[in-house]
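Remember, predicted model here, so these are calculated numbers, not experimental data.
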Amino acid sequence: MASVSTFARRAAAGSRRAGSRRAAATDRRRSPGGAGWLFATPFLVFFTLFLLVPIGIGLWMSFTDASLTGHGDGVFVGLDNYTEAFGDSQVWQTLGNTVWFTVLTTVPLVIVALVMALLVYTGMPGQWLWRLAFFASHLLPVAVVYQIWSMLFQPDRGMLNSVLQTFGMDGIAWLTDEKYAMWSIGLVTLWWTVGFNFLLYLAALQAIPDHLYEAAALDGAGAWRRLWSVTLPQLRRTTALIAVLQVMASLKVFDQIYLLTKGGPNGATRPILEYIYDTGFTNYRLGYASAVSYVFFGIIIILSLAQLKIFSRRED
């Protein structure tokens, strides 16, 4: 009997251990970690192949005398490209144009988008039509935007000059006069991209709790007081997000300027990305173009960190 009971106890212990192992295996299969990595693998592969690897190749190329024609590939020149970039007047001129465009467009794209969102949110008649009209331009490709505004900006038959002449004013060389070229591109950019910021503000307005407005109304706050004391403070995070995104997008401007003015007149609208493009693909200096692009990349990183620091302090 003793041997039978001992055997029974061992069998029971063995079954418990087997059950524990099966349960552990089941828990591992149910754990989200393994499945998560499995689903993330395609993204990580493409992220590595099409972002990390090109970044590494471009960084190495910036230290060489690489050329699009194949001459000089692999010749290590150290920091010569970076030294030349910091002493290149064209780099600083195009960087100044880029900064000026960023300042010129960022503030209107925040303020106008906020005004548009407030108009729709406050119950303006035909809200669906206004939402469509405000956002539709953002869906247009840059080639269509170029076609529309190049006709509007025509000095002789353009609609803008026709309106000015109706009021007895002289026409303006919108894209060929250094005084107006960058302002004209800023106007195009405002019309084209404000819809995205409008959509972000509208979503943020709809997320503000109604009881805040009710409490302000009970305290006797009027419409303007509710705007300044309730709405704008609640939109602080959204405004910070839009400002950061807009600065980053404006610093990377290329398409509309290249199509409308090709950097003219006299380089007044030429952004740094166009200079990088011309250096690498017109003058065939891929190594130097890579160095300039990484200098610009470093400036963007510094500005991004500064913006995040400023807005995080305001949140605190």
Close side-chain approach of [X] and [Y], heavy atoms under 4.5 Å:
X	Y	value
L260	V188	yes
F198	W130	no
R270	I257	no
I148	L140	yes
N81	S290	no
W192	Q256	yes
R131	V120	yes
L118	L205	yes

Between W149 and W174, ring centroids under 6.0 Å: no
Check: F63 ring centroid to Y82 ring centroid under 6.0 Å: yes
For residues [X] and [Y], is any side-chain donor paired with an opposing acceptor at under 3.5 Å?
X	Y	value
Q246	N197	yes
T105	T189	no
Y121	T231	no
Y288	S62	no

If we ignore hydrogens and angles and just use 3.5 Å, is the side chain of [X] paired with the main-chain N or O of [Y] as donor and acceptor?
X	Y	value
D65	V75	no
W92	F86	yes
T282	T279	no
T41	W37	yes
S67	Y284	yes
S250	V247	no
T106	V103	no

How about [atom1] on [X], more than 12 heavy atoms from neighbouring residues, nucleotides or ligands closer than 6.0 Å, or not?
X	atom1	result
Y213	OH	yes
D170	CG	no
F296	CZ	yes

Salt bridge flag under 4.0 Å for residues R226 and E214: no
Joint cluster assignment, L51 & L273, ILVMFWY side-chain distance < 4.5 Å: yes
Single-linkage hydrophobic cluster I302~V91, side-chain heavy atoms < 4.5 angstrom: no
Identified side-chain hydrogen bond (donor to acceptor under 3.5 Å, both in side chains) partner of Y275 from the options T98, T94, D88: D88
